[in-house]
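Before any comments, here is the structure.
Order of listing sets the numbers, starting from 1, for every ligand and every atom in it. Side chains included, hydrogens not; waters and symmetry mates left out as well; all remaining heavy atoms used. Just so you know, these numbers come straight off a predicted model, no measurement behind them.
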Amino acid sequence: MSNIIYMDNAATTKAAPEVLKEMLPYFSENYGNPNSIYGLGQKSQKAMMEAREIIAGAIKAEKSEIYFTAGGTEADNWAIKGVCEAYADKGKHIITSTIEHHAVLHTCEYLAGKGYQISYVGVDENGLILMDELKKAIRPDTILISVCFANNEIGTIQPIREIGELASSKGILFHTDAVQALGKISIDVKECHIDMLSASAHKLNGPKGVGCLYIRAGLKIGSFIHGGAQERKLRAGTGNVPGVVGFGTAVKLALANMSDKAEKITGLRDYLIEKIRVEIPYCRLNGDYKKRLPNNINFSFQFVEGEALLIMLDMKGIAASSGSACSSGSADPSHVLLAIGLPHEIAYGSLRLSLSEENTFAEADMVVTALKEIITKLRSMSPLYEDFIKGENTCIQK
Ligand SMILES: *Cc1c(COP(=O)(O)O)cnc(C)c1O
């Protein structure tokens with residue numbers, strides 16, 4: 001399908017043509033092992049170093065603080081498990097939030113099974129972390145606070161600097177998953193007191209299977225993948241040279257005129273939000289309206305089954321998501337939507353549209369037309385909607 005309307009950029013993005021072009025020679029003529037002494041190897045080494053510099057610059061870090069991984073999930077695993085191993089003497093208590101990505105939540109669950117104690121701090125109705133609850137959760141044996149920079153489902157941007165200042169004032173390490181934030185909003189690891197930060201290339205028009213963990217200089221965490229001496233002896237395995245080159249190129253592209261692009265996408269986002277609100281009754285926008293990723297839209301539609309909505313949108317060539325791709329197909333509603341207080345039946349009827357620069361106003365109009373038609377149809381088949389129309393049910397719209 002060539003004329004698909006793709007609004008699932010929080011799940012993954014299309015590699016930019018420049019990214020692909022920069023990557024290609026590192027599959028063919030520049031195939032050297034970056035750890036080899038001869039010229040061909042050094043060429044790969046240099047290409048990785050350039051990418052490292054670009055990515056470090058993007059988050060105001062040093063290039064020696066960037067460690068390449070096989071994606072955001074590995075970076076999250078490494079950060080959390082690495083701290084647990086290195087700081088076991090100090091304590092076994094970790095603080096995170098109820099709306100983290102599964103890469104963080106499931107890692108914490110795994111550690112809970114190993115004797116670690118995890119506090120899950122709640123969020124308000126817009127998904128903003130409850131700072132008072134976070135402060136209260138801190139204990140003498142807390143070794144780590146891990147909070148996502150910007151949520152992948154509802155787009156809410158957390159008060160990262162405030163959390164970083166709190167963690168640092170208490171001598172607790174602070175990790176943030178910035179997979180959705182990198183390239184969309186500005187990030188300054190020093191200013192925000194971030195000790196570790198996870199990023200991934202494929203969420204910003206780079207290739208899949210490559211990401212990085214920023215580890216603040218001086219912070220001691222152990223290896224997670226053992227083997228050769230790559231990545232300053234902390235992450236073994238021959239470098240993914242084409243992937244890293246693509247990651248660097250993608251970050252460079254994202255950073256160029258980032259605020260102009262964000263403004264443009266925000267314009268389209270707000271247009272779509274308004275249009276959905278006006279044209280489709282009994283809907284609710286999830287996530288903070290202001291502290292929100294420029295490309296995120298998340299709505300709940302009452303009396304609608306989310307999976308059915310997605311399938312019917314797909315039949316019209318529209319690619320969207322019900323929340324996180326990882327939970328699609330599972331019977332549970334999104335943990336993020338439940339955490340912001342939505343009842344199960346409302347959380348089930350949710351839709352995430354995540355935009356890219358390539359989306360147009362014409363596409364936005366087509367999506368609203370399709371949504372209107374599909375939702376009308378689904379509601380006409382819903383016994384709950386029938387009851388509601390007869391005045392025997394309540395609605396969510398304020
Ligand atoms: C996509 C995503 C991840 C996982 O990154 P991968 O590179 O796909 O492993 C982690 N955290 C967040 C917030 C994400 O959106």
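- For R232 and Y67, the positive end sits near the middle of the six-membered ring, less than 6.0 Å away and at most 45° from its axis.
- For ligand 1 and K203, the ligand atoms under 4.0 Å from any heavy atom of the residue are 1 (C), 2 (C), 3 (C), 14 (C), 15 (O).
- In the candidate list D177, T73, V210, T73 is nearest to atom 9 (O) of ligand 1, counting heavy atoms.
- Evaluated by nearest non-hydrogen atom to atom 6 (P) of ligand 1, the leading choice among G211, G72, C148 is G72.
- With salt bridges taken as basic N to acidic carboxylate O contacts below 4.0 Å, one links R52 and E231.
- In summary, K46 and E50 engage in a salt bridge, as defined by a charged side-chain N under 4.0 Å from a carboxylate O.
- Between E74 and ligand 1, no pair of N/O atoms sits closer than 3.5 Å.
- Salt bridge annotation for R161-D188: absent, with no cationic side-chain nitrogen under 4.0 angstrom from a carboxylate oxygen.
- Of all protein heavy atoms, the one closest to atom 7 (O) of ligand 1 is S200 OG, 2.6 Å.
- Under 4.0 angstrom from ligand 1, the non-hydrogen atoms of H202 all belong to its side chain.
- Contacts with ligand 1 closer than 4.0 Å are made by no heavy atom of K208, backbone or side chain.
- For the side-chain hydrogen bond (donor to acceptor under 3.5 Å, both in side chains) condition, no pair includes a residue of residues 247-260, sequence neighbours left out.
- Residue V179 places no N or O, backbone or side chain, under 3.5 Å from any N or O of ligand 1.
- Scored by the side-chain hydrogen bond (donor to acceptor under 3.5 Å, both in side chains) test, T142 finds H93 as partners (sequence neighbours excluded).
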